[in-house]
Amino acid sequence: MTRRWSFYMDFLPVVVIIGNECIDMGLLTLFKAATLQGMNNHVFIAYAYAVGTSVLLPVTLFTRRSRVVPPISFSIIWKSILLGALGCTSQILGYIGISYSTPTLASAIGNLIPAFTFMLAVTFRMEKLSAKSRSSNAKVMGSIISIAGAFVLTFYKGPPILQSSYTHISSPIHQPVEFLKSVDSSWAIAGVLLTVDYFMGSIWYILQVHTLKEFPDELTLVLLYSIAATIISTVVALLSVPDASDWKIGLNLSLISIVSSGIFGKLVGNIVSAWALHLKGAVYVTSFKPLQIIISVGLGIIFLGDTLCLGSIIGATIISIGLYGVLWGKASEEIEEDVGILESPSTENAPLLQSYRTETFEKTKDGNV
């Protein structure tokens, strides 16, 4: 017995998550351009969260009547605050790390997110891990292969294959990796900050999956932790940047970057992530993270005149193979669970039947007495 293919369960999550990763890379490009014009990191994060929360608040209240919203308990509020603190702190550390290094190092270390998430999911028993299960082995091997492919793509350039006709401009996202030869302490500081950033991000994914099981309303949950993140990021920004002149935003690229990050990153991106996490789990969602390097290379070739090299093709191929392994393993696991539910005795009807038999036996016994 096999599970029928579902557009909602099998195809839509893949398209939505890949689209979200593309948006993230575009927003990173805008952020780098804004910071080159003097935009402060802390001010940028505070404004972006404020924009996202301002748009999300009326949307949530307007659609609340058409949705079945579970009651908000103190536990949900506390977990929402923790999610906001984790997300905000993670972004602050990430931007500081990039300021000490380059986005290339950040994207390389970011490939550890699937590994971190998988280990945490297994530790908290959110993912099944069995040496005898083909689906478990496929997910483990797929994660390892895609991480390895991402590192190959990042650290190995190889000979050029396709030379762009445009004047070559070095991409701010995917530059030739020269930092392996560097012993500058700033790279070590950046590496530590970025590693902590992505580890906290993995905890954020795991905690959000856990919270959505208790409170299955993605829109309200995103609003709650967005409010918490807005408050926290604003306080941090005010303490770090007390000069009012640094908070002034004109009609320039900084404003475009803030509005785009607030709407497409903090609003749309967080809602999409929450929906995908609730539907497919943290390991599935984070397994797409290595695609960011492929996306950045593609953007560099199309818009920045970068050269297509052999290392990019090899790395992209390895990442694709690993990602397919994770997707196959997850789909096989869902089929096994669905078949097990269909073939097992009904857990809902059995207690009722047992209760009926017990009541009948007691009535018969009382009648005989």
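Start at 1 with the first residue, then count along the sequence.
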Problem set entry | Nearest-0.5 Å distance that lies between atom CD1 in Ile249 and atom CD1 in Ile256 | 12.0 Å
Problem set entry | Gln91 CD to Ser261 OG distance, which is reported to the nearest 0.5 Å | 6.5 Å
For this session: Please report the closest heavy-atom contact between Leu255 and Gly250, naming both atoms and the distance.
Result: CB-O, 3.3 Å
Problem set entry | Over all atoms of both residues, closest heavy-atom pair of Met200 and Leu93 | SD-CD1, 3.8 Å
For this session: Would you tell me whether Thr53 and Thr230 have side-chain atoms, one donor and one acceptor, within less than 3.5 Å of each other?
Result: yes
Exercise. Would you say Val285 and Val209 make side-chain contact, with heavy atoms under 4.5 Å?
Worked result: no
Exercise. Do you reckon Ile113 sits in the same ILVMFWY cluster as Ile18, going by side-chain contacts under 4.5 Å, direct or chained?
Worked result: yes
For this session: Take Ser273 and Asn20 through the test side chain to side chain contact (heavy atoms under 4.5 Å, CB included) and record every step on the way to the result.
Result: CA-CA 8 Å; Ser273 295; Asn20 197 36; 3.5 Å; yes
Problem set entry | Separation of Ile96 CD1 from Asp197 CG (nearest 0.5 Å) | 10.0 Å
Problem set entry | Other residues, nucleotides, ligands: >12 heavy atoms within 6.0 Å of Trp78 CH2 | no
For this session: May I ask you to test the Tyr225-Asn270 pair for a side-chain heavy-atom distance under 4.5 Å?
Result: yes
Problem set entry | Neighbour count above 12 (heavy atom, 6.0 Å) for Leu251 CG | no
Seminar exercise, completed: Looking only at heavy atoms, the pair that brings Leu27 and Phe264 closest together is CD1-C, 4.1 Å
For this session: First locate atom CD1 of Ile231, then atom SG of Cys88, and finally report the distance between them rounded to the nearest 0.5 Å.
Result: 11.0 Å
For this session: Sorted by first residue and then second, give each salt bridge (charged side-chain N to carboxylate O under 4.0 Å, His left out) pair with at least one member in residues 78-88; sequence neighbours left out.
Result: Lys79-Glu214
For this session: Hey, could you give me the OG1/CH2 distance between Thr286 and Trp204, rounded to the nearest 0.5 Å?
Result: 11.5 Å
Exercise. Quick one: are Phe116 and Thr195 in side-chain contact, heavy atoms under 4.5 Å?
Worked result: yes
